[in-house]
Amino acid sequence: MLFPLLRPALFALDAEQAHGLTITLLARFPRTAPKSAAILRTTIAGLDFANPLGLAAGVDKNGEAIDGFFGLGFGSVEIGTLTPLPQAGNPRPRLFRLVEDKAVINRMGFNNGGIHAALPRAAAARRRGVLGINVGANKDAPDRIADYAHGVAAAAPIADYITVNISSPNTPGLRDLQHGRELTDLLAAADEARRIGKTPRLFLKVAPDLDPSAIDAIARAAIEHHVDALIVSNTTISRPDLRSANAGETGGLSGAPLAPLARQRLRDFRTATGSAMPLISAGGIDSADEAYARIRAGASLVQLYSALVFHGPGLAQRILRGLVDALQRDGFASVTAAVGADG
Ligand SMILES: Cc1cc2nc3c(=O)[nH]c(=O)nc-3n(C[C@H](O)[C@H](O)[C@H](O)COP(=O)(O)O)c2cc1C
């Protein structure tokens, strides 16, 4: 309720400062997680989610406000991307609001305090929902696959699921891991590294900038290497028509202009996986209608980031209320029943 009043003050700050302030406030004053309606409960890859709305990676990279985000209503919170060693990321400014386009461009470059600093915070959090830990490679890693294996093994005792993120456009060469031998070697290493005692689920996060043959190859490799779900997608390096002054900045674009591409990639991966694997849709989700449309198009879960910048922290609860209404209106007994209803 306060967000419309605070928004001008937050938007007067540099985007990264405003983000830091939000994390600090949520970390200091976490609310008790609201109870989700029973109709929103869903199970994916053996994990029980109170609702299908997740916080996408990159918002709480260091796991500083996990309970704060659960308190906003999210059924899952994905922290990271975390790399084995702390790293500063790219020089500032590196995060840009595109207000007229309801979009964001970022070239953060995996700035984070390192996985070993974040894990104790994740272990100590009350975690009123599913916790994902998103892992990546350090920019200067001599062996990137070894960095992923390191992150997966370190996160395995604590995470409910681990996301292997090979789709950030801001670490040069990282997205090459989405192809060929590098992809299969990486997935084999990640699958082996997670099998320590309690085996967390393994998710793979892909870019939206992929051609049809790459989509088929990723789907095949993911199924073969026991990936439990695909997150479709990360930010795009493409530039649809944009109006804002910051449109020319280098980096990954997210928010409303990403929605058409993210919808298309969801359909593409559904075809490529033959519905054999749960899909998590991210990219431009900013309303209950959009979340519901992704679910009907085949998403088992949805995630968001950029819409929080423009619509504020109350958005999660608004989306959840709208989802309940839509499911009841269309006669679905559960969110699971609506997954892929549009064929
Ligand atoms: C500032 C910013 C930082 C991000 N950092 C990460 C990250 O560290 N790891 C990751 O997997 N995705 C990251 N993302 C991508 C988001 O998780 C999400 O996939 C993408 O922004 C599309 O969703 P949206 O349109 O709702 O923002 C980041 C996005 C933004 C805007």
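Both counts, for ligands and for their atoms, begin at 1 and track the order of listing.
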Given salt bridge (Lys or Arg N to Asp or Glu O under 4.0 Å), test Arg195 with Asp191 step by step and report yes or no. CA-CA 7 Å; Arg195 293 178 191 278; Asp191 188 27; 2.8 Å; yes

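Pocket lining of ligand 1, defined as residues with a non-hydrogen atom under 4.0 Å away: Ala56, Ala57, Gly58, Lys61, Gly80, Thr81, Leu95, Val104, Asn106, Asn134, Asn165, Lys205, Ser233, Asn234, Thr235, Ser254, Gly255, Leu258, Gly283, Gly284, Leu304, Tyr305, Ser306.
Salt bridge absent: Asp176 and Arg144 never bring a charged side-chain N and a carboxylate O closer than 4.0 Å.
Side-chain atoms of Thr235 and Ser254 include no donor-acceptor pair closer than 3.5 Å.
The salt bridge (Lys or Arg N to Asp or Glu O under 4.0 Å) check on Arg94 picks up Glu16, with sequence neighbours excluded.
Under a hydrophobic clustering in which Ile, Leu, Val, Met, Phe, Trp and Tyr are joined whenever their side-chain heavy atoms come within less than 4.5 Å, directly or via other members, Leu230 and Ile223 fall into the same cluster.
Both cation-pi conditions hold for Arg97 and Phe11: the charged atom is under 6.0 angstrom from the six-membered ring centre and inside a 45 degree cone around its axis.
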